[in-house]
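First up is the structure itself, then whatever we jot down about it.
Protein chains get the first letters and strands the later ones, always in sequence-line order, with residue 1 at the start of each.
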Amino acid sequence: MFTIIKIAFLNIWRTPLRSSVVIFSIALGIWAGLFVIAFCYGINYQRTSDTINSSISHLQIHNPKFKKDYNNKFNLKEHDKIVKFVNEIKQIKSFCKRTLSLGMISSTINSNGVKIIGIEPRKESLVTSISKKVIEGDFFEKKKKNSVLIGDALAKRLNVKLKSKVVVTFQNSNNEIISGAFRICGIFKTQYTKYDEQNIFLLSEDFQRISNDNSFHEIAILLTDINELNLIENKLKINLNEYLIENWKNLAPELAYADQVMETWLFLIMVIIMLALIFGIINTMLMAVFERRRELGMLMAIGMNKFKIFTLILYETFILSLIGGPFGMILAYVTIYLTSKNGINLSIFKNGLESVGLSSTIYPKIDDNYYIYITLLVLVFTLFSSIFPSKKALKLKPTEAIKTI
Amino acid sequence: MKKIIILIFLSFDLNAQNAYEIIEKSQNYTIGNSQKVDISITINRPKWERKMSLKAWSLGTNYSLILITAPSRDRGTVFLKKENEIWNWQPKIERIIKLPPSMMMQSWMGSDFTNDDLIRESSILDDYSHFLLGDTLIDNSSCFKIKLIPKDDAPVVWGKIITFIDKSFYFQRRSEFYDEEGELINIMKLSEIKLFNNKKLPSKITVIPIYENPDSKTTLIYNNIDFNININSNFFSKQNMKRIK
Amino acid sequence: MKIISAKNLVKIYNSSNLSFKAIDEINLDIEKGEFSAIVGPSGSGKTTLLNMIGGLDKLTSGEVIINNVKLNNLNENELIDFRLNNIGFIFQAYNLIPVLTAIENVEFIMLLQGINHLTRKERSIELLKYVGLENKINSRPNQLSGGQQQRVAVARALASKPSFILADEPTANLDSKSTNKLLDLMAKMNKEQNITFLFSTHDQRVINRAKRIITIEDGKIISDEKN
Ligand SMILES: Nc1ncnc2c1ncn2[C@@H]1O[C@H](COP(=O)(O)OP(=O)(O)O)[C@@H](O)[C@H]1O
Ligand SMILES: [Mg+2]
């Protein structure tokens, strides 16, 4: 056995250029596979954590009927009780109460449908990152009555700036259309242009005063450790059963969906990479077998049996992938490590990316298991593809060797 | 198109010897308790023009019903405003839809008639302080020139409004809408005075978004107005939406 | 003692439209210790005949019996094993595994036979000494001359302890000095160790040294005489 492996190994270096091409293709296959996975996974991870941090948090509590048409009638009936309960769960890092309504914001020039979010700024900043996204003005620091924080994109649409007056209109719990004049105290900018355009923040006390209603509609919860999500979710569901408890996956099904879509695409990409790899290997090894048909014939003539000939070619292919594999893995590890630290700047596509909610700097990220999966996958496929040239070798005739030219 | 509808709902209360009284008198003059109007609307944009016609019935400020008569594509479409709900009848699909509150608020975006003034029964009386600036001639008629300044906290986007009210008949002849920086944003012109049910009223209202789009305008023409017609709240029912012609 | 017995050998090559009778009713017996040459012009069927006897190619008809085993009855894998343990081959070229050294090439065949490492090593060195290549044991084939390569091939052929050695024009690519050296070696083996050799050749130098000359032409034996 060992000698056959040795022969296989030595045979590889008889055509160093060709072998290098195969090794390089295998390395490239593994590298490309891992990097594409890391890239896509990085995008999704970033989008998920951005969405969790910037808006949806880990868990949200609503009146079960509220979300159907955001009717303010369906508030959190006993929000004090909820707050008391939530306060006692130590795995909950922070939470905040909000008032919500769908409504409209108008300036002299234009108006826009928006989600109106009434917040308690101090608590809100412990739960979401919106306070860090303020690019102009501040996050309700002056505590001025009737202040509103709007998105950059919306400000442009409405043609307003800091301190401009806008009118916010919505329906209160009695279905009365109510409006109030607000001054812009700050302008925020997330990477989601759509989000910036469709959400405005104001103080929940202002919201409650103008709508003449002291209730809240939403409680958002951030956990210390996302792994405890199920535990806390169940705890809340059992103890607050008259309310709707939703986790981030329920709240942003598009994120979970994006994961699925990504997996499908990755699968396709992998198949393509593997096919290219298989094709290249089969081709190269067939060439190697053809070129050595006399020598292989001689080996058969002197008594090397078919199984050993078969394994010889198999080993040759396998050794190529054993060299290419780790090489690809190291290459992938280094690239992913470097890019995950510095990010990949795609600012050329900035506008397009931001409008679909993607950051223009992408930080690839990968689960270590993938190194093993992909490598195994590549090895399995190389072995598979080496079967063809090996079988071809079996069809050779020992008389080939004796033929005079 | 929907933005126009809203306009109609509110145009009823769009329109007083101190300034306050002049305004009040003007409002009482132009608005009846119940009315039926026949309106044509033309929206002009630099690149295109759109026309539509409609009939509208109203009772107080809580009830109104609008029937689109042109263009043919939208013909027969009915909007019903009943207290705080808006319903929509689509003859093509034979279905009544309740417009969700969010839609109610978004639907008239970008109109030359600013939402802010339109959607609320924004009382020009309560939300503003009124100042008589003097007399002016508009269309060769002598008018009161009145400055309206929104009160603190009044849900009004404007910095000020200058309105011109006909001295003899107390209808508005012209309004100018300014933002807080004193920039002129919209102009509303009322002209072509006609006699409707023995009342002299402007039959043409033109709004020009002078700041953003001086080449655009929206024109509204009253073909007919009947005041104090004989209808009650039962008229404004969902069943009637399907029947009305 | 008869070790090779070929009876009524016929080989017909069928190509697309014509069939060609390369071996035509050949009967041949080889005794232990022979040093014989199959002689004939190019294309006369020497290689074909050796291939039949060596079990490298199928017969059209007739039979080959080696050491009382009828080759016709063996399947492909049995044939390979049979060759490994009974026949030593020396070809005109492509005898050696290019990536292995001389000693590794000699060892390889014993490895295939499953002989243990130590025995392999000892025997390979001994054989390479015997063929006069003790100072080349770690050279690769491409570092050896044609004659040296053929001598490694001889050592390799001997290594498996076959009952006879088939050599198809072993000197065809060699100069006369190498040819003589190789022939000396083979003659010595035949003489000292009673090893049976069957060559094919049209090289007069080989013919001169052979003890029995079987001449074929157009696939038929036309003469068979002692030298
Ligand atoms: N595989 C083959 N297919 C068809 N004809 C062959 C084949 N091998 C050899 N021949 C023919 O058989 C004859 C004998 O060939 P060969 O045994 O190689 O002769 P020699 O070795 O004496 O030169 C030649 O005419 C050759 O063309
Ligand atoms: Mg020949």
Report which part of [X] has an atom under 4.5 Å of a heavy atom belonging to chain A: side chain, backbone, both, or neither.
{"X": "C:Leu112", "answer": "both"}
{"X": "C:Gln113", "answer": "neither"}
{"X": "C:Phe108", "answer": "side chain"}
{"X": "C:Leu100", "answer": "side chain"}
{"X": "C:Asn95", "answer": "backbone"}
{"X": "C:Glu104", "answer": "side chain"}
{"X": "C:Leu79", "answer": "neither"}

| Aromatic ring centroids of A:Tyr373 and A:Tyr370 under 6.0 Å? |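 Between A:Tyr373 and A:Tyr370, the centre distance is under 6.0 Å.
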| said: Can a side-chain donor-acceptor contact be found between C:Asn51 and C:Thr48 if the only test is distance below 3.5 angstrom? | reply: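 Short answer, no.
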| request: Hey, can you tell me if A:Trp13 and A:Phe9 have their rings parallel, tilted or perpendicular (30° and 60° cut-offs)? | output: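 The rings of A:Trp13 and A:Phe9 stand perpendicular, inter-plane angle above 60°.
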| query | Do the rings of A:Tyr371 and A:Tyr333 sit parallel, tilted or perpendicular, given the 30° and 60° boundaries? | reply |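 Tilted, since the angle between the ring planes falls between 30° and 60°.
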| query | Hey, which of C:Glu76, C:Arg83, C:Glu107 has the most heavy atom pairs under 4.5 Å with chain A? | reply |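 That would be C:Arg83.
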| said: For a quick test of reading the model, state the closest non-hydrogen atom pair linking A:Ser386 to A:Thr317 and the distance between them. | reply: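 Here A:Ser386 and A:Thr317 meet closest at CB-OG1, 3.1 Å.
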| said: Exactly one of C:Phe164, C:Phe89, C:Phe35 should register a ring-ring contact (aromatic ring centres under 6.0 Å, His included) with C:Phe197. Which one does? | reply: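 Exactly one option meets the ring-ring contact (aromatic ring centres under 6.0 Å, His included) with C:Phe197, and it is C:Phe35.
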